[in-house]
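Below, chains carry the letters A, B, ... as their sequence lines are ordered, and counting in each starts from 1.
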Amino acid sequence: MKVLFFALLRERLGCAELVLEQNEPTTVAKVLEQLKSRSQEWRNTLDNQELLAAVNQSFVDFDATVQKGDELAFFPPVTGG
Amino acid sequence: MKVLFFALLRERLGCAELVLEQNEPTTVAKVLEQLKSRSQEWRNTLDNQELLAAVNQSFVDFDATVQKGDELAFFPPVTGG
Amino acid sequence: MIRVAVQEHNFNMAELYHELSQSPANGAVVTFTGLVREVVDTELTHLTLEHYPGMTERALNDIGQQAMARWPLGKIIIIHRIGILGLNENIVFVGVASGHRKQAFAAAEFLMDYLKTRAPFWKKEHTSAGTSWVAAKDSDQTAASRWQSSKE
Amino acid sequence: MIRVAVQEHNFNMAELYHELSQSPANGAVVTFTGLVREVVDTELTHLTLEHYPGMTERALNDIGQQAMARWPLGKIIIIHRIGILGLNENIVFVGVASGHRKQAFAAAEFLMDYLKTRAPFWKKEHTSAGTSWVAAKDSDQTAASRWQSSKE
């Protein structure tokens with residue numbers, strides 16, 4: 001599973017993209033917990049930021065299912081236009 | 001006093017502009033009555049048409065005063081844009 | 001700043017947009033353009049646009065000033081064409097530049113609603129079946145009157 | 001018909017207007033353009049626009065389809081620029097062609113409200129005082145949410 005980060009989140013984490021081994025279907029919320037457990041810095045950043053999530057380039061709630069081969073993205077509220 | 005007619009009104013009356021002798025101040029409504037009395041055709045046209053009026057190029061109600069030297073205009077509801 | 005024009009010749013969208021987008025204080029530009037539209041069931045060849053010279057410019061300026069008094073706007077342009085206008089030709093342009101989009105949208109719609117009911121222009125349709133003056137629409141009166149009860 | 005584009009280069013207003021005004025069935029064209037606006041108290045030199053390649057195009061198309069489902073529209077164009085954008089440069093263009101003005105205005109405003117809250121773009125301001133990501137505005141969420149309770 002590919003996980004993408006954008007904008008402020010990408011900058012704070014110092015990471016634009018990572019790959020997670022994930023054989024069983026899981027949820028966006030569980031992946032997020034797993035990411036927070038990587039380090040105190042990741043936890044702080046992901047806790048302190050209002051986050052949006054997309055799976056395969058569509059917005060989803062955090063209880064949405066993600067599985068092997070999916071593209072999961074986390075990012076701050078959008079500010080285009 | 002100059003009296004102007006536009007669009008359908010101009011066409012029906014066969015008149016774009018006429019000059020009325022008017023030494024005393026009067027009202028738009030009274031001028032309209034005077035115009036209707038010119039002929040049965042004028043009466044029919046001015047009775048059967050929803051009319052707007054302007055004095056010196058500003059919209060007015062029919063009880064507005066008009067006087068010597070004013071430019072009075074009658075026309076149908078506008079349809080620009 | 002308000003600029004109004006009543007003219008026979010067409011307007012140039014690129015120039016108008018340039019004029020509207022000059023100031024770095026204005027982050028939002030909204031434009032409306034009305035065009036000669038086909039008429040269902042009859043073959044429209046063209047419109048003729050009659051107006052009340054002098055009063056039209058006054059009325060358009062007045063409408064522009066009312067919009068300026070309601071919203072913080074940087075620039076308003078109103079252009080109305082007159083004379084003979086073929087199918088799909090431009091009739092009217094309203095452009096508004098403002099700091100924010102909400103005000104720009106509201107002002108542009110206000111300007112069109114007021115122009116439709118308060119500027120002395122009259123359209124005549126020329127079709128394969130003959131000519132006829134366009135009737136005023138109740139929906140335009142309704143659209144204009146809603147601005148009297150609300151400030152937004 | 002919906003056309004969306006995400007691009008670094010500027011857009012050409014004359015060409016876009018031409019594209020919107022082709023059909024004689026559409027008597028009304030409304031456009032919105034958003035530009036880089038000066039920032040009060042700091043000297044803004046430019047913005048950088050980041051986006052989520054692939055998802056942006058999908059999101060813009062989806063927003064366009066929602067507008068098409070709500071109103072009878074002839075054509076929608078949505079263009080969003082990315083990369084480095086200097087003061088007063090164009091950022092975003094939304095254009096709608098429709099039979100009547102009311103629908104064209106409503107659709108253009110809807111498209112902008114949804115784009116502001118549902119298309120994955122992020123602005124970063126570069127000023128004399130440093131750089132900072134632009135914060136999302138509550139007013140944009142409010143503007144977008146009103147379309148959920150009303151069909152007009």
Side-chain angles (χ1 to χ4, degrees), chain A residues 1-20 22 26-29 31-32 35-36 41-81, chain D residues 4 6 32-37 47-63 65-66 78-83 85 90-94 108-125 131-141 143-144:
Chain A
M1 181 191 312
K2 200 159 72 168
V3 186
L4 308 178
F5 305 99
F6 290 97
L8 180 61
L9 208 60
R10 174 181 54 69
E11 280 188 355
R12 290 257 171 97
L13 297 175
C15 176
E17 178 174 339
L18 57 81
V19 174
L20 287 185
Q22 183 71 42
T26 180
T27 66
V28 173
V31 175
L32 186 60
L35 292 169
K36 285 182 188 174
E41 211 182 320
W42 278 63
R43 180 170 300 279
N44 289 344
T45 299
L46 294 169
D47 272 344
N48 287 330
Q49 181 68 36
E50 193 187 348
L51 289 187
L52 299 177
V55 171
N56 298 331
Q57 307 188 350
S58 293
F59 283 101
V60 293
D61 292 330
F62 280 54
D63 56 3
T65 302
V66 273
Q67 49 199 331
K68 194 170 171 167
D70 280 348
E71 177 176 299
L72 170 59
F74 291 104
F75 43 79
V78 303
T79 57
Chain D
V4 312
V6 178
F32 174 86
T33 317
L35 302 99
V36 180
R37 195 167 156 262
L47 296 181
T48 43
L49 255 295
E50 179 170 333
H51 75 128
Y52 181 172
M55 183 172 168
T56 43
E57 291 83 351
R58 287 174 63 121
L60 296 180
N61 263 307
D62 177 60
I63 293 166
Q65 275 161 19
Q66 289 186 55
I78 309 175
I79 301 179
H80 204 296
R81 293 179 69 194
I82 51 171
L85 298 176
N90 293 327
I91 304 171
V92 63
F93 174 87
V94 161
E109 203 165 2
F110 169 89
L111 290 168
M112 278 309 302
D113 288 346
Y114 270 42
L115 185 153
K116 282 261 180 189
T117 51
R118 298 180 185 206
F121 294 97
W122 300 273
K123 283 197 194 95
K124 191 176 194 174
E125 289 178 349
T131 67
S132 62
W133 292 96
V134 172
K137 285 188 221 145
D138 287 345
S139 60
D140 286 330
Q141 289 294 339

*Asks:* To the nearest 0.5 Å, how far apart are CG in A/Leu4 and OH in D/Tyr52?
*Replies:*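 A/Leu4 CG to D/Tyr52 OH: 4.5 Å, rounded to 0.5 Å.
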*Asks:* Assess whether atom CG of D/Asp138 is packed by more than 12 heavy atoms of other residues, nucleotides or ligands within 6.0 Å.
*Replies:*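 No.
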*Asks:* Which bit of A/Leu52 comes within less than 4.5 Å of chain D, counting heavy atoms only: side chain, backbone, both or neither?
*Replies:*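 For A/Leu52, neither part sits under 4.5 Å from chain D.
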*Asks:* Taking side chain as everything from C-beta outward and backbone as N, CA, C, O, which of these in A/Ala7 sits under 4.5 Å from a heavy atom of chain D? Side chain, backbone, both or neither.
*Replies:*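 Backbone plus side chain of A/Ala7, per the 4.5 Å heavy-atom cut-off to chain D.
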*Asks:* Please state whether the side chain, the backbone, both or neither of D/Lys137 comes within less than 4.5 Å of a heavy atom of chain A.
*Replies:*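 For D/Lys137, no heavy atom lies under 4.5 Å from chain A.
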*Asks:* Report yes if the side chains of A/Asn56 and A/Asp70 come closer than 4.5 Å at any heavy-atom pair, otherwise no.
*Replies:*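 They are in side-chain contact.
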*Asks:* Under 4.5 Å between any side-chain heavy atoms of A/Lys36 and A/Trp42, yes or no?
*Replies:*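 Side chain of A/Lys36 against side chain of A/Trp42, heavy atoms only: no contact under 4.5 Å found.
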*Asks:* For D/Ala135, which atoms come within 4.5 Å of any heavy atom of chain A: side chain, backbone, both, or neither?
*Replies:*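 The backbone, not the side chain.
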*Asks:* Whether the side chain of D/Asn61 engages the backbone of D/Arg58 through a donor-acceptor N/O pair (distance < 3.5 Å, no angle test) should be reported.
*Replies:*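 Flag not set: sc D/Asn61 to bb D/Arg58 has no pair under 3.5 Å.
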*Asks:* Going from CD on A/Gln67 to OG1 on A/Thr26, what distance comes out if it is rounded to the nearest 0.5 angstrom?
*Replies:*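 Output value for this atom pair is 10.5 Å.
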*Asks:* Just verifying a value: how many Å separate D/Met55 CE and A/Phe59 CZ, rounded to the nearest 0.5 Å?
*Replies:*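 It comes to 4.0 Å.
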*Asks:* Please state whether the rings of D/Phe121 and D/His51 are parallel, tilted or perpendicular, taking 30° and 60° as the class boundaries.
*Replies:*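 Correct class here is parallel.
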*Asks:* Strictly by modelled atom types, are D/Asp62 and D/Gln66 linked by a side-chain donor-acceptor pair under 3.5 Å?
*Replies:*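 Checked: D/Asp62/D/Gln66 side chains pair up, N/O donor to acceptor below 3.5 Å.
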*Asks:* Non-hydrogen contacts under 4.5 angstrom with chain D: give the residues of residues 8-18 of chain A involved, or none if there are none.
*Replies:*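 Listed by number, the contacting residues are A/Leu8, A/Arg10, A/Glu11.
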*Asks:* In terms of heavy-atom pairs under 4.5 Å, which option from D/Ser132, D/Gly54, D/Gly34 contacts chain A the most?
*Replies:*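 Of the candidates given, the most pairs with chain A belong to D/Gly54.
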*Asks:* What residue in D/Thr56, D/Val134, D/Ile82 has the most heavy-atom pairs under 4.5 Å with chain A?
*Replies:*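 Of D/Thr56, D/Val134, D/Ile82, D/Val134 has the most heavy-atom pairs under 4.5 Å with chain A.
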*Asks:* Between CD1 of D/Ile63 and NZ of D/Lys116, what distance do you get to the nearest 0.5 Å?
*Replies:*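 If I round to the nearest 0.5 Å, the distance is 12.5 Å.
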*Asks:* Report, in residue-number order, which members of residues 72-81 of chain A are under 4.5 Å from chain D by heavy-atom distance.
*Replies:*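 Only A/Ala73, A/Phe75, A/Pro76, A/Pro77, A/Val78, A/Thr79, A/Gly80, A/Gly81 of residues 72-81 of chain A have a heavy atom under 4.5 Å from chain D.
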*Asks:* With side-chain contact (heavy atoms from CB on, under 4.5 Å) as the test, pick out the partner of D/Val92 among D/Leu115, D/Ile79, D/Leu49.
*Replies:*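 So, applying the side-chain contact (heavy atoms from CB on, under 4.5 Å) to D/Val92 and each of D/Leu115, D/Ile79, D/Leu49, only D/Leu115 qualifies.
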